[in-house]
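These notes are about the structure you will find just below.
Just so it is clear: chains get the letters A, B, ... in the order the sequence lines come, proteins before strands, and each one is counted from 1.
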Amino acid sequence: MKAMTGPKEHPLDIYLRAERLPHIWCPGCGIGIILNSFFRGLMESKLDLDKVVMVSGIGCTGRAAGYVNLDSFHTTHGRAIPFATGMKLANPELKVVVFSGDGDLFAIGGNHFIHAARRNIDMTVICVNNFNYGMTGGQLGSTTPLGARTTTSRTGSIEQPMNIPYLAAASGAVYVARWTAAHVGKLERTITEALLKKGFSLVEVISPCPTYYGRMNKQAAGLEQMRYYRDNSVIKHGIDPKHAAIEYQGEIIVGKFVDIERPYLPYPQDREWQINLR
Amino acid sequence: MTEDGCLVGEFFFSGNEACTEGAISAGCRFFGGYPITPSTEIAERMSERLPEVGGAFIQMEDEIASMAAILGASWGGVKAMTATSGPGFSLMMENIGLGLMTETPCVVVNMQRAGPSTGLPTLTGQGDMMQARWGSHGCYGIIALSPDSPQELFDLTVKAFNLSETYRLPVLVMSEAAVGHMYEKVVIPPPGEIEVVHRRKPTVPPEKYLPFKPDADLVPPMANAGEGYHFHVTGLTHDERGYPASSVEVQDKLVRRLVDKVYKNADKIIEVEEDRVDDAEVVVCAYGISARVSRIAIEHARDMGIRAGLLRLITVWPFPEARVRDIARQVKAFIVPEINYGQIALEVERCAGGAARTILVPHMGGGVHNPETILDVIRQAVR
C-alpha cells in the first residue's frame with residue numbers, strides 16, 4: 001500500500017504506531033472511524049500525550065490499544081476498568097481512557113463498569129457497541145437487540161438488551177453520550193468534552209460489524225449499516241436515557257444525555273474538604 | 001514512627017498487622033482489596049495507614065477487580081499489594097496470569113483458610129500451595145514465600161516486594177489464618193536497616209526503549225506509564241517491542257524467559273531454614289504453621305535419641321530442589337506434615353527421587369497437626 005506510506009504526513013500520524021499497520025479489523029468495521037474521531041477529539045483536548053493512557057480489554061475494540069502511540073495496555077477480558085482505576089488512583093496526573101467493546105465492558109465487565117461509575121473515577125470510557133461478539137464470530141451479546149440474529153441466536157435473540165446510557169446514568173456517570181460511527185464530527189466534539197470532563201464519562205458509539213452482525217441481519221455491507229444509522233438516528237440531547245433503548249432495526253436515539261457535576265476520585269489535592277478530613 | 005510514616009520499634013502485632021507494616025516499610029503505596037476472612041485486617045489497617053504515608057487505598061467490587069487494580073497501580077509507578085484468602089485467590093488467578101505475562105511487579109498475600117470452596121472461613125489451611133504454583137493457565141515461573149510468625153510476615157512481605165521489583169512478577173505471600181491471627185512480638189528496624197529494592201528503570205531514550213528486551217538476568221528494565229515512553233503492554237504473546245506476535249518462535253522465546261527468569265535465578269531467590277539437618281536420619285520438611293508444630297515433634301524425637309532435623313521452606317516456589325536432593329542422599333525419610341492432602345509432599349517426593357522415602361502427614365484443615373502425630377511418624381520412619 002504505497003499510497004498510504006507516501007512522504008506526505010497525515011496530521012493524525014503522530015497518534016498511530018505506523019509500524020503496526022495494517023490493523024486486524026474487517027473491511028466495513030466502524031472501529032477505525034471511531035479511533036479516528038478519538039484522535040481528533042484528543043488533539044482538540046490539547047492534553048499532554050505523555051500523560052494520556054489507553055487501557056483496553058479483550059475483543060475487536062480491545063485491539064485499539066495496540067495501535068495508538070500512547071502508553072497503552074491491552075488487559076484481560078472485562079477488566080480494563082479496574083486496571084484503569086488502579087492506575088488513576090496510583091498516579092492522578094494521568095488521563096486514563098478505557099477504549100473497549102460492548103461485550104467486554106458490559107457483559108463480562110458489567111460489574112466493574114457500574115462500580116467505577118458509582119465511585120465517579122476520573123476516567124473516560126469509550127464503548128464501541130456493535131451488538132455482538134465480533135472477535136469470536138458474531139455471538140449474542142448483552143446489547144444484541146431483541147429479535148436480532150447472531151450465531152448463538154439463529155432465530156432471533158429472545159433477551160432484553162442492555163440500555164447502556166441508562167445503566168451509566170443510573171450508576172452515577174457524570175457525562176453520558178451516544179453517537180454512531182456515522183456521526184464522526186459530533187463524536188469528535190463529544191470525545192473532547194468527555195476527555196476534559198472531571199469524573200466518570202461514558203461515550204457509547206454504535207458501530208457496524210458487517211462481517212457478523214450485519215450479515216446475520218440483512219445489512220451485509222458496512223455501508224448498509226452506516227446508511228441505517230444515518231436514516232434512523234434521532235438526536236435528542238438531554239433526554240432521560242431510560243427512553244434511549246435500542247430496538248431491532250428501529251430508531252437510534254443519539255446525543256448527550258447526562259452532563260452533571262459531582263465529587264470524583266481521586267480527590268483533587270487542593271480540595272477544601274480534604275483538608276478538613278485531616 | 002519515622003518522618004515518612006514508617007513504624008520503628010517493638011510491637012505486639014498480629015500477623016496481619018505485621019504484614020501491613022512490612023508492606024508500608026517496603027514502600028507499598030497502593031492497596032486494592034476486597035474483605036475476606038481471615039485476611040480482612042490487612043485491608044482495614046491499610047485503609048488507615050496508606051493515607052498517612054501518601055498512598056492510596058481502595059476497596060474494589062471483588063477480587064478480580066482488586067488484582068486488576070494493583071496491576072494498573074504498579075504500571076502507574078507505585079508499589080502495589082492486595083490480600084485475600086482462598087475464594088478470592090481463585091478469582092485473582094486470571095489477573096495474576098496477566099501480571100506474569102506483562103511482568104508487573106506486585107505482591108499478593110493469601111491468608112489461607114480451609115477449602116475447597118467456602119470451606120472453613122475462620123479456620124486455618126494450607127490447601128492453596130499448588131494453586132499458587134499452577135493456578136493461572138499456561139506456563140510461568142512464580143515466587144511464593146511462607147512465613148511462620150508475625151515477625152516473618154513483616155520480613156517476608158518486605159522481601160516479597162523486593163523480589164517482585166527485582167524479577168518483575170507478582171510475588172505471593174502464602175500465609176495462613178493460624179499465622180495471620182497469631183499475636184507475637186514484632187521488631188521493626190529503622191528504615192536504613194531494611195533493604196528496599198526498586199524496579200530497574202530504562203537507561204535508553206524512549207525511541208530506543210524495547211519494553212520487553214531483557215538484561216542479562218532475563219529481566220527487562222521497566223518504564224512506568226506517564227514517563228513519555230509510549231510503550232505497549234499486552235497479555236497476548238508479544239515480542240521485545242511489546243507488540244502481539246502470533247508465532248511459535250515468539251511464544252517459545254517469551255515463555256521460556258518467563259519461566260527461566262525464576263529458575264535461573266533460583267539460587268538468589270530461595271531461602272530455607274535448617275535445624276539439625278547435618279546429622280539427621282530423618283528430616284521433617286515443613287512450612288508456615290506446620291513448621292512450628294514440627295519443631296515440637298523434633299525436640300521430642302531428639303530427646304528419644306532419634307536424629308531428626310527440620311527443613312523449613314521459607315521460599316516454597318521456586319521449590320528448593322537442589323537442597324532436597326542433597327538431603328535425600330543422607331536421610332532415610334522425609335516427613336511432610338501439611339494442612340492439605342499432599343501438595344508440597346509431591347515436590348519433596350519428586351526431588352528425593354527414590355533416594356529417601358517421603359511420608360506425607362496430612363491434615364484436612366481447620367486446625368494444626370498434633371505434634372504427637374508427627375512424632376509417631378518420625379518414630380515409624382526410623383524403625
Side-chain angles (χ1 to χ4, degrees), chain A residues 14-15 17 19-20 24 48-58 62-63 65-96 108-116 118-119 121 265-267 269 274 277-278, chain B residues 29-32 50-52 54-80 82 93-99 101-102 104 106 136 206 211 223-236 238 241-246:
Chain A
I14 55 160
Y15 297 99
R17 294 188 171 118
E19 70 273 27
R20 291 228 52 225
I24 64 158
D48 176 359
L49 297 185
D50 285 352
K51 302 293 178 192
V52 180
V53 179
M54 182 181 279
V55 183
S56 288
I58 296 295
R63 290 301 191 98
Y67 301 116
V68 301
N69 186 18
L70 301 167
D71 289 330
S72 57
F73 297 87
H74 179 225
T75 65
T76 37
H77 197 16
R79 319 304 172 205
I81 286 177
F83 186 99
T85 298
M87 184 174 283
K88 178 67 186 177
L89 293 181
N91 185 355
E93 260 193 0
L94 300 173
K95 173 67 210 184
V96 183
I108 189 166
N111 196 38
H112 307 308
F113 178 89
I114 290 169
H115 289 280
R118 172 182 66 78
R119 295 182 183 113
I121 304 284
L265 294 176
Y267 305 126
Q269 293 298 316
Q274 196 188 12
L277 271 180
R278 300 225 166 223
Chain B
R29 293 297 178 268
F30 182 88
F31 184 97
L50 278 172
E52 289 175 359
F57 169 92
I58 185 166
Q59 186 170 310
M60 295 300 288
E61 53 273 18
D62 56 34
E63 289 90 344
I64 299 172
S66 303
M67 191 63 215
I70 69 165
L71 297 181
S74 181
W75 281 105
V78 169
K79 290 186 185 181
T82 188
M93 283 301 147
E94 174 193 47
N95 284 320
I96 286 176
L98 180 66
M101 190 59 146
T102 57
T104 309
C106 61
S136 199
N224 299 321
E227 294 178 341
Y229 285 87
H230 294 209
F231 56 85
H232 184 55
V233 172
T234 176
L236 285 164
H238 47 271
R241 298 172 300 174
Y243 294 164
S246 235

| Can a cation-pi geometry be assigned to A:R17 and B:Y243, taking NZ or CZ under 6.0 Å from the six-membered ring centre and within 45° of the ring axis? | no
Select one option (side chain, backbone, both, neither) describing which atoms of [X] are under 4.5 Å from chain B's heavy atoms.
{"X": "A:R20", "result": "side chain"}
{"X": "A:T75", "result": "both"}
{"X": "A:I81", "result": "neither"}
{"X": "A:A65", "result": "both"}
{"X": "A:L94", "result": "side chain"}

| query | Does the side chain of A:E19 reach to within under 4.5 Å of the side chain of B:R241, using non-hydrogen atoms? | reply | yes
| Do the side chains of B:L98 and A:R79 get nearer than 4.5 Å, heavy atoms only? | no
Among [options], which residue forms the greatest number of heavy-atom pairs with chain A at distances under 4.5 Å?
{"options": "B:N224, B:V78, B:N95", "answer": "B:N95"}
{"options": "B:A225, B:A56, B:G228", "answer": "B:A225"}
{"options": "B:S74, B:G226, B:G76", "answer": "B:G226"}

| request: For B:F30 and A:L89, work out which heavy atoms get closest and say how close. | output: CE1-CB, 3.8 Å
| B:H232 to A:S72 - nearest heavy-atom pair and separation | ND1-OG, 2.6 Å
| remark: When the 4.5 angstrom heavy-atom criterion is applied to B:D62 and chain A, the contacting part is side chain
| query | Heavy-atom distance under 4.5 Å to chain A: side chain of B:L71, backbone, both or neither? | reply | both
Using a cut-off of under 4.5 Å for heavy-atom pairs, which of [options] has the most such pairs with chain B?
{"options": "A:V68, A:T76, A:D48, A:V52", "result": "A:T76"}
{"options": "A:H74, A:E93, A:H77", "result": "A:H74"}
{"options": "A:G78, A:P266, A:S56, A:A90", "result": "A:A90"}

| message | With a 4.0 Å cut-off on N to O distance, would you call A:R118 and B:E61 a salt bridge? | response | no
| message | Let me confirm one number: the CG-CH2 distance from A:N91 to B:W75, rounded to the nearest 0.5 Å. | response | 14.0 Å
| query | What distance separates A:H115 NE2 from B:M60 CE, expressed to the nearest 0.5 Å? | reply | 9.5 Å
| So, the side chain of B:H230 versus the backbone of A:N69: is there a donor-acceptor pair under 3.5 Å, distance only? | yes
| field | salt bridge (Lys or Arg N to Asp or Glu O under 4.0 Å) involving A:R63 - partner list, sequence neighbours excluded | value | none
| task | Evaluate the ring planes of B:F231 and A:F73, with Trp represented by its six-membered ring, and classify them as parallel (under 30°), tilted (30 to 60°) or perpendicular (over 60°). | result | perpendicular
